[in-house]
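Order of the sequence lines fixes the chain letters, A, B, ..., with proteins taken first and strands second; residue numbering starts at 1 for each chain.
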Amino acid sequence: MNAPVRTRDAAYVEIEGLRRTFDVSRPWLNRMIERQPRQILRAVDGVAFTIRRGETFALVGESGSGKSTVARMVVGLLPPTGGDVRITGISMTDPRQAVERRRLRRRIQMIFQDPYASMNPRWRVRRIVAEPIRAFNLIQGEAAITGRVGELLTLVGLHPDDGAKYPHEFSGGQRQRVAIARALASEAEFLVGDEPTSALDVSVQAQILNLMRDLQDRLGLTYLFISHNLAVVRHMASRIGVMYLGRVVEIADGRALFTAPKHPYTRMLLDAVPDIGMTGRQRIPVSGEIPNPIDPPSGCAFNPRCPFAKERCRTEVPELIEGVACHAFQERRLPL
Amino acid sequence: MTEPVLSVRNLRVAFANRRGTLTAIDDVSFDIARGEILGVVGESGAGKSVTGSAVIGLIDPPGGIVGGEVRLQGERIDTLSPEAMRRIRGRRIGMIFQDPLTSLNPLYRVGRQLIETIRTHTDLSEKAARGRAIDLLAEVGIPAPERRIDGYPHEFSGGMRQRVVIALALAAEPELIIADEPTTALDVSVQAQIIALLKRLGTERGTAVMLVTHDMGVIAEAADRVAVMYSGRIAEIGPVRDVVTNPLHPYAKGLMGAIPTLAQETDRLAQIPGSMPRLSAIPKGCAFHPRCPSAFTRCVVERPNPIAVGAHQVACHLYDRSEASAA
Ligand SMILES: Nc1ncnc2c1ncn2[C@@H]1O[C@H](COP(=O)(O)OP(=O)(O)O)[C@@H](O)[C@H]1O
Ligand SMILES: Nc1ncnc2c1ncn2[C@@H]1O[C@H](COP(=O)(O)OP(=O)(O)O)[C@@H](O)[C@H]1O
Ligand code: SF4
Ligand SMILES: [Mg+2]
Ligand SMILES: [Mg+2]
């Protein structure tokens with residue numbers, strides 16, 4: 001159903017210098033009375049990465065690190081303040097590529113944490129799933145559309161008869177299956193999942209994660225998978241970007257990130273994850289909290305919590321070099 | 001003294017609705033010793049919170065305890081009057097909930113709330129109570145407590161607020177703390193700090209803790225023993241290391257296999273088909289049988305009682321050695 005998988009290593013998504021600010025100032029009058037300046041929150045501040053066709057790239061980070069904002073810019077739900085997202089070479093911002101972009105749109109779909117919010121509760125599931133087929137005029141004739149909807153429901157592990165039900169008649173996990181079926185209905189080849197299993201119980205989460213991997217194998221899908229859960233990310237992703245306060249601080253292959261994390265924040269985050277295998281591995285206790293994003297620390301945003309911070313870290317923003325944005329790493333000061 | 005701090009025996013809790021009564025907790029028994037953290041884990045709707053609420057006498061009509069007993073240091077508390085129970089809450093049993101704002105009054109400085117709690121439960125003077133409040137805030141890891149004590153709840157971050165709630169729960173030096181999803185709303189780095197704090201309560205103060213969570217990782221990290229709940233019953237209970245590394249109940253096994261871990265890579269996660277039944281449709285026999293890969297005839301008709309297997313108690317017919325077909 002999708003375009004055949006081309007060269008596996010081709011960059012499918014290219015993101016460069018992506019930025020997004022939000023004006024979080026109090027209303028004008030309050031600011032005048034209280035003599036406050038405008039407050040600009042830099043939610044995403046210079047993010048760059050590429051996603052290869054057919055792979056799963058994950059963004060992980062604690063709440064407020066900017067993951068959802070990146071996701072919304074990638075799918076074109078939110079215009080960037082700066083930088084660009086190119087998908088199969090087509091810019092998501094360049095007005096000269098508006099026509100190509102419109103054709104690309106249906107290939108890109110987003111799966112949210114709460115699928116219910118994006119479904120019309122008064123529509124039966126078969127109408128919900130058929131909607132993109134009709135909107136893009138992909139199949140003609142009611143019988144053919146019904147057949148296709150049945151196929152899609154089967155593909156995601158539901159029964160064609162489930163099409164007659166309403167969203168509220170399903171459990172959370174089944175609704176997430178409906179959302180995936182709907183995304184696939186438009187012949188999507190790139191799915192952006194923003195915490196798609198975070199609201200589900202673990203046994204149901206396992207069902208959805210397994211389904212997403214099966215579909216990827218069968219259909220050659222490309223995923224941007226966003227989660228705050230490191231173990232889930234490890235399970236799903238071939239490459240991972242770790243975000244902290246709007247920046248990517250480390251990008252690595254899954255195995256490398258979890259066996260040899262480099263950035264001090266990645267190390268702290270991994271040490272904070274409960275040791276469910278009860279391996280008793282040595283861990284450094286976590287200290288401090290994420291600073292206020294409206295007034296982030298200067299230099300490296302992690303410097304107030306970092307055991308390796310030196311003067312330079314307080315003044316100069318470290319660039320992402322060799323997959324790590326850290327002065328201590330670049331100065332070869334980090335213990336292995 | 002070997003008397004457990006909390007002893008729950010054959011607890012049953014039911015809710016009445018238009019169509020009859022629904023049994024939410026069905027024959028649940030466990031103990032928590034001094035200084036021990038008992039983790040209560042299970043997926044949503046398993047009955048973890050209702051169990052916690054039953055212990056502290058906070059199940060509102062038309063719900064209520066319909067069987068069994070709850071003892072605090074050997075004394076029955078499930079039969080006490082609401083007034084007597086209110087005195088026990090806060091003084092002998094502290095509570096920590098997922099949302100710290102439910103326990104904090106937004107209009108009062110945190111110090112005021114702490115001092116009041118301390119003074120209702122002790123005979124300290126205002127000044128001494130303030131000193132004690134500052135000590136408590138320091139103990140739970142609030143930096144500059146002399147200054148922060150005069151702050152309002154909204155001036156604290158989520159993690160710091162949860163620390164204040166823990167300080168509040170500790171104020172009367174309770175024997176038992178019921179913590180219901182205390183880290184669920186927090187980021188992992190903050191969660192790790194709160195877990196460390198809860199563990200210190202047991203070792204340094206001898207407080208018994210009932211730690212309710214859906215997160216097996218939190219349990220593995222914090223608890224001494226764990227009870228795995230399913231459909232209002234305890235499927236398995238035992239020392240945390242045993243249950244986490246060698247679960248016996250098919251549900252506990254499935255649950256452990258379904259959780260992705262940092263330690264190992266797997267291609268597929270174990271998958272338990274279906275989901276937990278609604279209260280109105282709890283299957284006969286073993287409540288897990290429709291989802292159980294090992295179910296046999298007996299599971300469909302007869303409810304399994306807890307059986308001791310090593311240090312575990314497992315409610316599963318597979319472990320009944322009097323049964324010829326048992327594993
Ligand atoms: N529409 C918005 N208006 C103002 N601030 C926002 C908006 N969306 C996101 N933010 C802020 O941007 C930062 C990043 O948010 P988000 O991308 O949602 O992070 P994450 O998904 O990693 O939790 C946060 O500080 C958040 O409060
Ligand atoms: N006040 C109530 N009235 C009716 N049913 C309730 C009430 N409180 C909880 N329940 C039901 O009891 C069961 C157990 O709930 P709970 O203890 O909250 O589960 P959890 O393990 O997620 O904490 C659920 O099926 C829930 O719907
Ligand atoms: S750049 Fe400096 S402060 Fe930032 S993580 Fe590296 S060592 Fe720590
Ligand atoms: Mg988000
Ligand atoms: Mg609960």
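Taking a 6.0 Å sphere around CZ of B/Arg241, one finds it holds 12 or fewer heavy atoms contributed by other residues, nucleotides or ligands. The 12-atom threshold is not exceeded at CZ of A/Arg255, counting heavy atoms of other residues, nucleotides or ligands nearer than 6.0 Å. Within 6.0 Å of CZ on A/Arg218 lie no more than 12 heavy atoms contributed by other residues, nucleotides or ligands. Atom CZ of B/Arg200 sits in a crowded spot, with more than 12 heavy atoms from other residues, nucleotides or ligands closer than 6.0 Å. Annotation for A/Ile294: atom CD1 counts as buried by contact number, over 12 foreign heavy atoms lying within 6.0 Å.
Note: B/Ala220 leads B/Gly141, B/Ala220, B/Ala196, B/Gly45 in heavy-atom pairs under 4.5 Å with chain A. Taking chain A as the reference chain and counting heavy-atom pairs below 4.5 Å, the highest number among B/Gly217, B/Gly42, B/Pro273 is found for B/Gly217.
Contacts of A/Leu270 with chain B are made by both backbone and side-chain atoms, with heavy-atom separations under 4.5 Å. Neither the backbone nor the side chain of B/Asp215 comes within contact range of chain A, judged by heavy atoms closer than 4.5 Å. For B/Glu43, the parts lying near chain A are the backbone and the side chain together; criterion is any non-hydrogen pair under 4.5 Å. For chain B, the nearby parts of A/Leu230 are the backbone and the side chain; heavy atoms of each come within less than 4.5 Å. For B/Ala222, no part lies under 4.5 angstrom from a heavy atom of chain A. There is no contact between A/Thr259 and chain B, counting heavy-atom distances below 4.5 Å. Only the side chain of A/Gln205 comes within less than 4.5 Å of a heavy atom of chain B; its backbone N, CA, C and O stay farther away. Proximity to chain A involves both the backbone and the side chain of B/Leu262, based on heavy atoms less than 4.5 angstrom apart. For a residue to count as touching a neighbouring chain, one of its non-hydrogen atoms must lie under 4.5 Å from one of that chain's; by this rule A/Asp214 touches chain B with the side chain only. In this structure, chain A has no heavy atom under 4.5 Å from any part of B/Pro143. Interface residue A/Glu289: only side-chain heavy atoms are found under 4.5 Å from chain B.
Side-chain contact between A/Ile276 and B/Met256: present, with at least one pair of heavy atoms (C-beta onward) separated by less than 4.5 Å. A/His235 places a side-chain heavy atom less than 4.5 Å from the side chain of B/Leu269. Between A/Met236 and B/Pro260 there is no side-chain heavy-atom pair separated by less than 4.5 Å. B/Val188 places none of its side-chain heavy atoms less than 4.5 Å from the side chain of A/His228.
Interface with chain A: from residues 144-161 of chain B, residues B/Ser157, B/Gly159, B/Met160 qualify, criterion being any non-hydrogen pair under 4.5 Å. Inspection of non-hydrogen atoms places no residue of residues 226-235 of chain B under 4.5 Å from chain A.
Summarising the geometry of A/Ser203 relative to B/Ala258, their closest heavy-atom pair is CA-CB, 4.1 Å, with the distance given to 0.1 Å. The nearest pair of heavy atoms linking B/Asp187 to A/Glu62 is CB-OE2, 3.0 Å. A pairwise comparison of heavy atoms in A/Ala206 and B/Ala270 identifies CB-O, 3.5 Å as the closest pair.
With hydrogens and angles ignored, the 3.5 Å screen pairs no side-chain donor or acceptor of A/Asn210 with any backbone N or O of B/Arg268. One N or O on the side chain of B/Gln193 and one on the backbone of A/Gly288 form a donor-acceptor pair closer than 3.5 Å.
Here the OG1 atom belonging to B/Thr261 is positioned 7.5 Å from the CZ atom belonging to A/Arg234, to the nearest 0.5 angstrom.
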